Protein chains: 2
Amino acid sequence: MQEAIQEILKKNQLSVTGSRVKILELFLDQPGALAHGDIERKTGEKFDRVTVYRTLQVFLNKGIIHSIPTADNSVLYALCKDDCGEGHHHDNHVHFVCDKCGNTVCLDEVTVPAIRLPRGYKFSQVQVVINGKCKDCTRE
Amino acid sequence: MQEAIQEILKKNQLSVTGSRVKILELFLDQPGALAHGDIERKTGEKFDRVTVYRTLQVFLNKGIIHSIPTADNSVLYALCKDDCGEGHHHDNHVHFVCDKCGNTVCLDEVTVPAIRLPRGYKFSQVQVVINGKCKDCTRE
DNA sequence: TTTATTTTGCAACAAAGTTGCATCTGTGTA
DNA sequence: TACACAGATGCAACTTTGTTGCAAAATAAA
């Protein structure tokens with residue numbers, strides 16, 4: 001785990017600091033997305049609020065994480081896959097928000113279907129956010 | 001225009017008040033979506049900030065407008081079509097955000113394709129937000 | 001016109017996000 | 001290992017965004 005974190009930071013020419021390591025740990029520890037508030041709460045005693053903001057901003061710029069738009073307009077962040085680079089995102093995968101447990105996950109295995117745009121429109125990025133019940137919550 | 005506004009409000013059993021009329025005018029005046037900030041700026045001298053919040057909230061509840069999640073996590077609102085009712089949205093159309101001019105429009109003519117979810121997942125709502133260049137901005 | 005019900009504005013507050021600056025820490029170099 | 005420098009952090013102050021309670025005003029119905 002620690003090696004993976006070091007590698008991510010090195011690859012992006014970022015120095016290895018407490019807050020960066022801790023925040024990456026949080027992302028690696030669980031499969032879903034994290035709200036800014038979640039991160040702040042889980043690191044609040046160790047790092048300043050401002051540091052969390054700045055760290056997430058750096059991760060966003062470097063393409064280590066991406067933000068997820070949700071129907072209730074809260075801000076979520078999730079780890080990007082390996083093929084994301086600076087200013088160059090491959091995050092046109094599907095995001096799934098469970099209405100029951102509230103978890104948000106990236107469904108990497110689901111590909112976004114081609115969408116036919118009207119004449120004159122050119123797309124650069126397609127974000128799909130699906131609300132519903134996740135596989136854990138449909139069992140009950 | 002004024003008749004259309006009256007009709008919308010009456011149909012939803014809302015009293016016709018200054019702020020509601022004004023805000024509906026803003027939506028009817030232009031084809032795209034509006035950020036809360038836009039609305040506040042354009043009505044700021046006439047209505048209190050709080051009133052704008054509450055009016056939008058009422059419109060949301062009644063299904064007169066819907067909110068659009070965007071990649072930068074700003075809050076946008078757009079008018080719903082006629083077949084939206086209270087607690088019952090038919091807004092599974094595609095939203096298009098132009099990276100050049102910043103406008104956001106609803107592409108009602110583009111239908112959201114069916115997406116095959118992994119086993120166990122059930123969807124209730126699908127939001128698609130496409131970033132790119134709109135038809136006005138590709139011409140240049 | 002009168003009355004009951006809603007809506008609005010105000011004030012105060014809470015939460016979310018930003019900025020400048022001094023201090024501290026990590027990294028590369030000697 | 002020690003040093004110096006660039007970059008990261010914490011703090012304080014601030015701005016923006018969103019919320020709540022209550023009294024005053026506006027609306028709709030009788």
Side-chain angles (χ1 to χ4, degrees), chain A residues 2-3 5-27 33-62 64-77 86, chain B residues 2-3 5-26 33-62 64-77 86 102:
Chain A
Q2 290 305 315
E3 297 81 45
I5 289 172
Q6 298 261 337
E7 197 191 314
I8 293 174
L9 291 174
K10 293 264 168 68
K11 194 167 63 182
N12 289 280
Q13 293 151 15
L14 293 173
S15 48
V16 180
T17 69
S19 77
R20 290 177 182 164
V21 170
K22 179 67 190 169
I23 290 178
L24 280 180
E25 275 177 16
L26 289 181
F27 278 111
L34 292 170
H36 178 96
D38 295 334
I39 299 167
E40 205 173 296
R41 247 165 277 126
K42 290 182 185 173
T43 64
E45 288 147 31
K46 302 190 68 169
F47 305 104
D48 194 77
R49 239 159 45 81
V50 179
T51 301
V52 176
Y53 278 107
R54 291 198 270 228
T55 303
L56 290 174
Q57 200 54 55
V58 167
F59 286 178
L60 272 181
N61 288 342
K62 292 289 186 177
I64 298 173
I65 60 176
H66 60 274
S67 68
I68 302 173
T70 61
D72 69 339
N73 285 291
S74 61
V75 190
L76 292 177
Y77 302 97
E86 195 157 352
Chain B
Q2 289 305 315
E3 297 81 46
I5 289 172
Q6 298 261 339
E7 196 192 314
I8 292 174
L9 291 174
K10 293 264 168 68
K11 195 168 64 183
N12 288 282
Q13 294 151 14
L14 293 173
S15 47
V16 180
T17 68
S19 77
R20 289 177 182 164
V21 171
K22 179 67 190 169
I23 290 178
L24 279 180
E25 275 179 16
L26 289 180
L34 293 170
H36 179 99
D38 295 335
I39 299 168
E40 204 174 304
R41 249 164 275 128
K42 290 181 185 170
T43 64
E45 289 147 29
K46 301 191 70 173
F47 303 105
D48 195 76
R49 240 160 45 80
V50 178
T51 301
V52 176
Y53 276 107
R54 290 197 270 225
T55 303
L56 290 174
Q57 199 54 53
V58 168
F59 286 178
L60 273 181
N61 288 342
K62 290 290 185 176
I64 299 173
I65 60 175
H66 60 273
S67 69
I68 304 173
T70 61
D72 69 339
N73 285 292
S74 60
V75 189
L76 293 177
Y77 301 97
E86 194 157 352

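Here is the naming used below: chain letters follow the sequence lines, and residue numbers restart at 1 for every chain. Keep in mind the model is a prediction, meaning the values are calculated, not measured.
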Is it true that B/Ser19 and B/Thr55 share a donor-acceptor pair across their side chains at a distance under 3.5 Å?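 There is such a pair (donor and acceptor under 3.5 Å, judged by atom type) between the side chains of B/Thr55 and B/Ser19.
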Does some side-chain heavy atom of [Y] sit less than 4.5 Å from a side-chain heavy atom of [X]?
X       : Y       : value
B/His36 : B/Ile39 : no
A/Glu40 : A/Phe47 : no
A/Ile23 : A/Phe59 : yes

Given atom [atom1] of [X] and atom [atom2] of [N], what is their separation to the nearest angstrom?
X       : N      : atom1 : atom2 : value
A/Asn61 : D/dA8  : CG    : C1'   : 15 Å
A/Ile23 : D/dT9  : CD1   : C1'   : 12 Å
B/Asn12 : C/dT7  : CG    : P     : 12 Å
B/Asp38 : D/dT16 : CG    : C1'   : 15 Å
B/Ile39 : D/dT16 : CD1   : C1'   : 17 Å
B/Lys46 : C/dG9  : NZ    : P     : 11 Å

Criterion side-chain contact (heavy atoms from CB on, under 4.5 Å) against B/Leu76, the qualifying member of B/Thr70, B/Leu34, B/Ile65: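 Considering B/Thr70, B/Leu34, B/Ile65, a side-chain contact (heavy atoms from CB on, under 4.5 Å) with B/Leu76 is found only for B/Thr70.
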Using the closest heavy atom to pick a nucleotide of DNA chain C for each, name whichever of A/Glu40 or B/Arg20 lands nearer the 5' end.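 Comparing both residues, the 5'-ward one is B/Arg20.
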Considering non-hydrogen atoms only, spot the tightest contact between A/Phe27 and A/Tyr77 and give its length.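 Residues A/Phe27 and A/Tyr77, closest heavy atoms: CE2-O, 3.3 Å.
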Restricting both atoms to N or O, compile the protein contacts to nucleotides 23-30 of chain D shorter than 3.5 Å, with distance only.
| unit_1 | atom_1 | unit_2 | atom_2 | d |
| --- | --- | --- | --- | --- |
| D/dA28 | OP1 | B/Val16 | N | 2.8 |

Using a 6.0 Å cut-off, check whether atom CD of B/Gln2 has over 12 heavy atoms from anything other than its own residue.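 Atom CD in B/Gln2 is crowded, with more than 12 foreign heavy atoms closer than 6.0 Å.
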Stepwise side chain to side chain contact (heavy atoms under 4.5 Å, CB included) test for B/Leu9 and B/Thr17: CA-CA 9 Å; B/Leu9 291 174; B/Thr17 68; over 6 Å; no
Using heavy atoms to find the nearest nucleotide of DNA chain D for B/Val75 and A/Asp48 separately, return the residue whose nucleotide is more 5′.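 Final value for this comparison: A/Asp48.
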Please list, in numerical order, the residues of residues 50-59 of chain A that have a heavy atom closer than 4.0 Å to any atom of DNA chain C.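 Going residue by residue through residues 50-59 of chain A, the ones with a heavy atom under 4.0 Å of DNA chain C turn out to be A/Val50, A/Tyr53, A/Arg54.
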Walk me through it: do B/Leu24 and B/Ile64 pass the test side chain to side chain contact (heavy atoms under 4.5 Å, CB included)? CA-CA 9 Å; B/Leu24 279 180; B/Ile64 299 173; 4.0 Å; yes
Could a donor-acceptor pair under 3.5 angstrom be found where the side chain of A/Arg49 meets the base of C/dG17?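 Pair found.
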